[in-house]
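Worksheet for the structure shown next.
Just so it is clear, the model here is predicted, and its values are computed rather than measured. In listed order, ligands and their atoms are each counted from 1.
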Amino acid sequence: MQLGLRNLLLLFCFSYFISTFSALSYDGVTLLSLLSHWKSVPSSISSSWNASDSTPCLWVGVECDNTQNLLSLNLTGFGISGEIGPEIGHISHLQTIDLSLNSFSGKIPPELGNCSVLEYLDLSGNNLTGEIPSNLKNLQKLQTLSLFDNFLSGEVPESLFQIPNLEYVILSSNNLSGFIPASVGNVSKVFLYLGHNQLSGEIPSSIGNCRRLQELSLEENQLTGGLPESFSNLKDLTYLNVRNNKFVGSIPSGLGNCKNLDFFDVSFNSLSGQIPPSLGNCSSLSKFAALKNNIGGNIPSSFGQLNKLSVLNLPENHLSGKIPPELGNCTSLIQLQLFSNQLEGEIPSELGKLTKLQDLQLQENRLTGEIPVSIWKIPSLEEILVYNNSLTGQLPLEMTELKQLKNISVFNNQFSGIIPQGLGINSSLVQLDFTNNKFTGEIPPNLCFGKQLKFLIFGINQLEGSIPSDVGSCSTISRLILKQNNLTGFLPEFAKNPNLSFMDISNNSISGEIPSSLENCTNITSINLSMNKFTGSLTALGNICSLKAVNVSNNDFTGSVPETLINLAKSSPSSFQGNPSLCLTCPPSRGSNCPV
Ligand SMILES: *[C@@H]1O[C@H](CO)[C@@H](O)[C@H](O)[C@H]1NC(C)=O
Ligand SMILES: *[C@@H]1O[C@H](CO)[C@@H](O)[C@H](O)[C@H]1NC(C)=O
Ligand SMILES: *[C@@H]1O[C@H](CO)[C@@H](O)[C@H](O)[C@H]1NC(C)=O
Ligand SMILES: *[C@@H]1O[C@H](CO)[C@@H](O)[C@H](O)[C@H]1NC(C)=O
Ligand SMILES: *[C@@H]1O[C@H](CO)[C@@H](O)[C@H](O)[C@H]1NC(C)=O
Ligand SMILES: *[C@@H]1O[C@H](CO)[C@@H](O)[C@H](O)[C@H]1NC(C)=O
Ligand SMILES: *[C@@H]1O[C@H](CO)[C@@H](O)[C@H](O)[C@H]1NC(C)=O
Ligand SMILES: *[C@@H]1O[C@H](CO)[C@@H](O)[C@H](O)[C@H]1NC(C)=O
Ligand SMILES: *[C@@H]1O[C@H](CO)[C@@H](O)[C@H](O)[C@H]1NC(C)=O
Ligand SMILES: *[C@@H]1O[C@H](CO)[C@@H](O)[C@H](O)[C@H]1NC(C)=O
Ligand SMILES: *[C@@H]1O[C@H](CO)[C@@H](O)[C@H](O)[C@H]1NC(C)=O
Ligand SMILES: *[C@@H]1O[C@H](CO)[C@@H](O)[C@H](O)[C@H]1NC(C)=O
């Protein structure tokens, strides 16, 4: 073994190893000197990395070629901490270094630039700090550079992109700042991941030269300017994520050339203009998201050609016009979110062809007419949100067949007619918000059949009859709002329910006493029983310690306000008035100065 004077000096500190284990090869000695930097090394390494061996080739995490040169060091996920150590640059034949998913800290040793035949470098998932050393450019054979999930700062070195065969560049989730270097357009990148950093400036249009680029991730940075037209050169692009930056301008129409584009997310930027109809030519597109931009115009009918589209998310823009019936051709759609736009006209019945649709969110638009019955026949539908539109008509019997239905939010529309009585019987309903419509008839029984119901919100309608008994026995309900209807009868008995926190049944014609079982709802903070025909005492309410707001005004309660409610009654007397026979008596303990 030939040791240069320089290396002898370097290894001087490790003379212990040299003198004791002189039989061990140079690579082995180097590994042991690396080991001396490391903490919390698992016993699988410390017991296998044996200084008495002549080569390290059988050690855990090590691979050699048939001339005993160390080719690969793979210690992924061993929980090692400490610094990597500069000696790593001495292992001259290394092609693969995988130290991912440990707790290595300190800087990336610049000496790594000496591993001149390195093809694969993965230091992801550690606690590395400092800058990416610019002399990594010496790694002219490098194909994969993965440094994501560290605390690296400084700029992306310009020189990095001059490595001729670099295909996988994964620098996401660090604290990198500065501009994306223009040299990004050089070489043969296939994967370029720069997301979740602090990068600023514009995307260099040279990016269009990366003709083999398949995945480009730039999300969660502070990038500005427009999306370069040169994106249209990237014919192999499958994944393009620029979410959460500060991009302006419009979506480049040339992206329609990207026949392989599968995932495209421009959400949370300041893009304007219209959605280019040419995107309908991206025949592989399965997810397109453009949430919260300033995009206007119509939803292109050419989207009807996207038969692989499974997610279309365009909420919180300025989209106008009608929902194109052609969207019904996108039979892979699972999620269709178009809320908070200015869409108008009727919901096209063609959407009923979307037999895989689970999530339909059309709320906060200017939609009119009825919800087509075809939509209530989509068997996979879990969530239908159409609140804050001007929809009319009735809820059809067909909706009772939808077994997956969890959330129906139709509030602030002009729906009328009865709520189908079989609504709850097939499904696992979680949230029903029918507020502020013109529903008539009775509240259906069995809404809690699936034992998932959390929100039962039917306020401001014209419902009549009594509250079904299973509403009281439903121990999952957390908000029960039936105010401003024409409900009659008694309150049901309540089962143990720690979830119920808010109850408003004001402005009805409910009579009888408050059932003592209401005490079972041990977590109610607010209860409003005002403007009904209740009689009897407030004793049950007095036993609910969690109450912070009570309104029992304008009923026929009798007896005295329980001591536990006296403070509430004093701070808000109007919440107790209108009960001629209710008296605010003073408990002896409080003296005789209580106001009435
Ligand atoms: C290292 O190898 C020597 C010789 O093969 C052996 O005697 C010794 O027990 C080994 N040490 C450990 C820690 O395994
Ligand atoms: C390192 O080893 C793990 C399994 O221990 C393997 O999954 C991974 O692919 C290896 N890394 C390289 C670069 O071969
Ligand atoms: C690594 O970073 C994580 C997250 O900040 C921290 O919880 C952990 O203690 C760090 N480990 C070391 C060895 O520095
Ligand atoms: C190894 O790297 C260091 C720092 O980058 C450099 O100064 C040194 O000349 C290199 N050694 C060899 C043998 O290439
Ligand atoms: C990230 O870098 C910025 C400066 O670019 C600095 O202010 C901030 O403290 C850094 N954050 C972390 C977690 O290192
Ligand atoms: C790499 O990019 C830089 C900056 O755009 C340029 O000056 C240089 O000529 C390019 N090198 C190669 C090999 O393409
Ligand atoms: C889609 O591609 C075809 C063929 O390349 C072209 O004729 C058509 O104009 C494109 N459609 C749109 C909407 O750009
Ligand atoms: C898409 O839908 C429209 C209207 O629903 C229909 O007329 C048309 O034939 C469909 N186009 C394709 C390409 O499937
Ligand atoms: C819906 O409309 C109501 C009444 O016009 C408005 O107060 C509310 O902010 C809108 N949005 C939501 C989410 O309720
Ligand atoms: C139904 O309730 C509304 C408001 O809650 C009330 O104005 C109306 O008179 C009631 N109608 C009947 C028939 O009780
Ligand atoms: C009780 O209500 C509070 C808020 O009102 C909530 O944070 C807490 O989780 C509830 N407890 C249970 C058991 O649901
Ligand atoms: C609480 O509910 C149970 C049924 O779950 C019932 O047996 C019991 O009587 C209720 N408690 C009160 C105080 O009514």
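The contact shell of ligand 3, taken as protein residues with any non-hydrogen atom closer than 4.0 angstrom, comprises S103, N127, F151.
For the side-chain contact (heavy atoms from CB on, under 4.5 Å) criterion with P56, the lone passing option out of T30, N50, L31, I91 is L31. Just one residue in the list L360, L354, N407 forms a side-chain contact (heavy atoms from CB on, under 4.5 Å) with L381, and that residue is L360.
Atom CD of E63 is surrounded by 12 or fewer heavy atoms from other residues, nucleotides or ligands within 6.0 Å. The neighbour count for K137 NZ, taken as heavy atoms of other residues, nucleotides or ligands under 6.0 Å away, is above 12.
Residues meeting the disulfide (SG to SG under 2.5 Å) test with C474, sequence neighbours left out: C448.
Applying the 4.0 Å criterion to heavy atoms of N412 picks out, from ligand 9, the atoms 1 (C), 2 (O), 3 (C), 4 (C). Shown in contact with Y120 at under 4.0 Å from a heavy atom are these atoms of ligand 2, numbered in order with element: 13 (C). Atom numbering of ligand 2 starts at 1 in the shown order; those under 4.0 Å from a heavy atom of T76 are 1 (C), 2 (O), 3 (C). Counting atoms of ligand 9 from 1 in the listed order, those under 4.0 Å from a heavy atom of F411 are 14 (O). Short contacts between ligand 9 and N388, defined as distances under 4.0 Å to a heavy atom of the residue, involve ligand atoms 1 (C), 2 (O), 3 (C), 8 (C), 10 (C), 11 (N), 12 (C), 14 (O).
Residue contacts with ligand 9 include E364, since one or more of its heavy atoms lies under 4.0 Å from the ligand.
Contact annotation: for T96 versus ligand 2, heavy atoms closer than 4.0 Å belong to the side chain alone.
Between T76 and N74, the side chains place no donor N or O within less than 3.5 Å of an acceptor N or O (distance only, hydrogens not considered).
A cation-pi arrangement is absent between R243 and F268 under the rule of less than 6.0 angstrom and at most 45 degrees off the ring axis.
Under 4.0 Å is where a charged nitrogen must lie from a carboxylate oxygen, and between R212 and E167 at least one such pair does.
Residues Y168 and Q143 form no side-chain contact, since every pair of their non-hydrogen atoms from C-beta on lies 4.5 Å or further apart.
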